[in-house]
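Following: one structure in structure tokens, then a few remarks.
Values reported hereafter were calculated over all heavy atoms of this structure, with side chains retained and with hydrogens, waters and symmetry mates removed. A quick note: this is a predicted structure, and the numbers were derived from the prediction, not measured.
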Amino acid sequence: MKNDADLQHDVQEELRWDPSIHAAERIGVSVKNGVVELDGHVDSVWDKYAAERAAMRVAKVKAVASEIKVDPPSSAIRTDEDIARVASDHLEWNALVPKTVKVQVTDGVVTLQGTVEWQFQKEQAERGLLPLIGVRSILNKVTLNPKPSAAGIKIKIENALKRNAETEASHIKVETSDGTVTLHGNVRSWVEREEAEHAAWAAPGVAKIENRLTVSS
């Protein structure tokens, strides 16, 4: 069984291993009872996102708390007008994002607004902007406006979990009520926890998910 020192080492190694992270040496890692805390300063929102994802991939990590700050170097500073124009173009050219999503930029902070039918559309709108130069953070205020829920949504989610090779469906309990899905149980990793949530979001009519799955040590 891995202790906190082992987990700290594994997370640090994963940060160094990921070639998309350009500031691994500037990211501090501490672990307490399986919960990883990241801190430090990086050049881009992508570095922050990639570091958080890397930590989540490590086996036995229960949760990740990120205090990483984004401080773009002078060579990466862009005006709000430039960022807004490029961000809008990215959204316009992304076939997965509907035209209802709009962008606003203030002091390098990008705010996404509007409504979408599916959670993956909301996620894709944000993910597509992560690599943009000069962005300090992204606030995703896009709201879900799903179509009415189809009958048998609970069974459909449970079947989707059984089909997913990344999830142990027998350890996951699904509850549904008025468009809200609640997941209970234990999973083996943060990745499995996330995969279970993604599977639930794919069901029609889901407006909210309460993910109460815990990562077992």
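- Side-chain contact check for Asp39 versus Ile68: every heavy-atom pair is 4.5 Å or farther apart.
- In this structure the side chain of Val142 never reaches within 4.5 angstrom of the side chain of Thr115, judged on heavy atoms.
- Using a 4.0 Å cut-off between charged side-chain N and carboxylate O, Asp43 and Arg26 make a salt bridge.
- By the 4.5 Å heavy-atom criterion applied to side chains, Val174 and Val181 are counted as neighbours.
- Side-chain N or O atoms of Glu126 include none that pairs as donor or acceptor with a backbone N or O of Lys122 at under 3.5 Å.
- Note on Glu210 versus Lys208: salt bridge recorded, some NZ/NE/NH1/NH2 to OD/OE distance being below 4.0 Å.
- The CZ atom of Arg193 sits 13.0 Å away from atom NZ of Lys62, with the distance rounded to the nearest 0.5 Å.
- Residues Arg127 and Tyr49 form a side-chain contact, since some pair of their non-hydrogen atoms from C-beta on lies under 4.5 Å apart.
- Taken together through direct or relayed side-chain contacts under 4.5 Å among Ile, Leu, Val, Met, Phe, Trp and Tyr, Val103 and Val86 form part of one hydrophobic cluster.
- We find that Lys32 and Asp4 are not joined by a salt bridge, their nearest charged nitrogen and carboxylate oxygen being 4.0 Å or further apart.
- Between the side chain of Asn140 and the backbone N or O of Leu112, no donor-acceptor pair lies under 3.5 Å.
- For the atom pair CZ (Arg188) and CG (Leu213), the distance works out to 12.0 Å, reported to the nearest 0.5 Å.
- The number of heavy atoms from other shown groups lying within 6.0 Å of CG (Asp178) does not exceed 12.
- Remark: His9 NE2 is loosely packed, at most 12 non-hydrogen atoms of other residues, nucleotides or ligands lying under 6.0 Å away.
- Between Asp18 and Arg57 there is a salt bridge, with a side-chain nitrogen of the basic residue lying less than 4.0 Å from a carboxylate oxygen of the acidic one.
- With Asp47 contributing its side chain and His22 its backbone, the two residues share a donor-acceptor pair below 3.5 Å.
- Residues Lys48 and Ser66 meet the side-chain proximity criterion, which asks for heavy atoms closer than 4.5 Å.
- The 12-atom threshold is not exceeded at CD of Glu81, counting heavy atoms of other residues, nucleotides or ligands nearer than 6.0 Å.
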Let me see the working for Leu96 and Gln121 under side chain to side chain contact (heavy atoms under 4.5 Å, CB included), right down to the final yes or no.
-> CA-CA 6 Å; Leu96 300 179; Gln121 295 170 324; 5.7 Å; no

Verify side chain to side chain contact (heavy atoms under 4.5 Å, CB included) between Val215 and Asn186, making sure each step is shown before the conclusion.
-> CA-CA 6 Å; Val215 179; Asn186 297 313; over 6 Å; no

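- For the atom pair OG (Ser75) and CD1 (Ile133), the distance works out to 8.0 Å, reported to the nearest 0.5 Å.
- A salt bridge links Lys99 and Glu92; the closest N-O separation between the charged side-chain nitrogens and carboxylate oxygens is under 4.0 Å.
- In the displayed structure, Lys141 atom NZ is contacted under 6.0 Å by at most 12 heavy atoms of other residues, nucleotides or ligands.
- Cluster membership for Val191 and Met56, using ILVMFWY side-chain heavy atoms within less than 4.5 angstrom, is not shared.
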Can you check side chain to side chain contact (heavy atoms under 4.5 Å, CB included) on Val101 and Gln113, steps first, answer last?
-> CA-CA 6 Å; Val101 177; Gln113 297 176 318; over 6 Å; no

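- Taken from CD in Gln124 to CH2 in Trp118, the straight-line distance is 15.5 Å, to the nearest 0.5 Å.
- Although no hydrogens or angles enter the test, the distance criterion places a donor-acceptor pair under 3.5 Å between the side chain of Thr167 and the main chain of Asn164.
- Gln8 CD to Asn3 CG: the interatomic distance, rounded to the nearest 0.5 Å, is 10.0 Å.
- Between Glu175 and Lys173 there is a salt bridge, since at least one side-chain N of the basic residue sits less than 4.0 Å from a carboxylate O of the acidic one.
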Ile209 and Trp201: side chain to side chain contact (heavy atoms under 4.5 Å, CB included), yes or no, with the steps?
-> CA-CA 7 Å; Ile209 288 184; Trp201 274 122; 3.5 Å; yes

Walk me through it: do Arg136 and Asp107 pass the test salt bridge (charged side-chain N to carboxylate O under 4.0 Å, His left out)?
-> CA-CA 8 Å; Arg136 295 181 180 276; Asp107 295 332; over 6 Å; no

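- Side chains of Thr111 and Val105 form no contact here, defined as non-hydrogen atoms less than 4.5 Å apart.
- Contact check on Lys154 versus Glu158 returns a salt bridge, with a Lys/Arg side-chain nitrogen under 4.0 Å from an Asp/Glu carboxylate oxygen.
- Atom CG of residue Leu161 and atom NZ of residue Lys156 lie 14.5 Å apart, to the nearest 0.5 angstrom.
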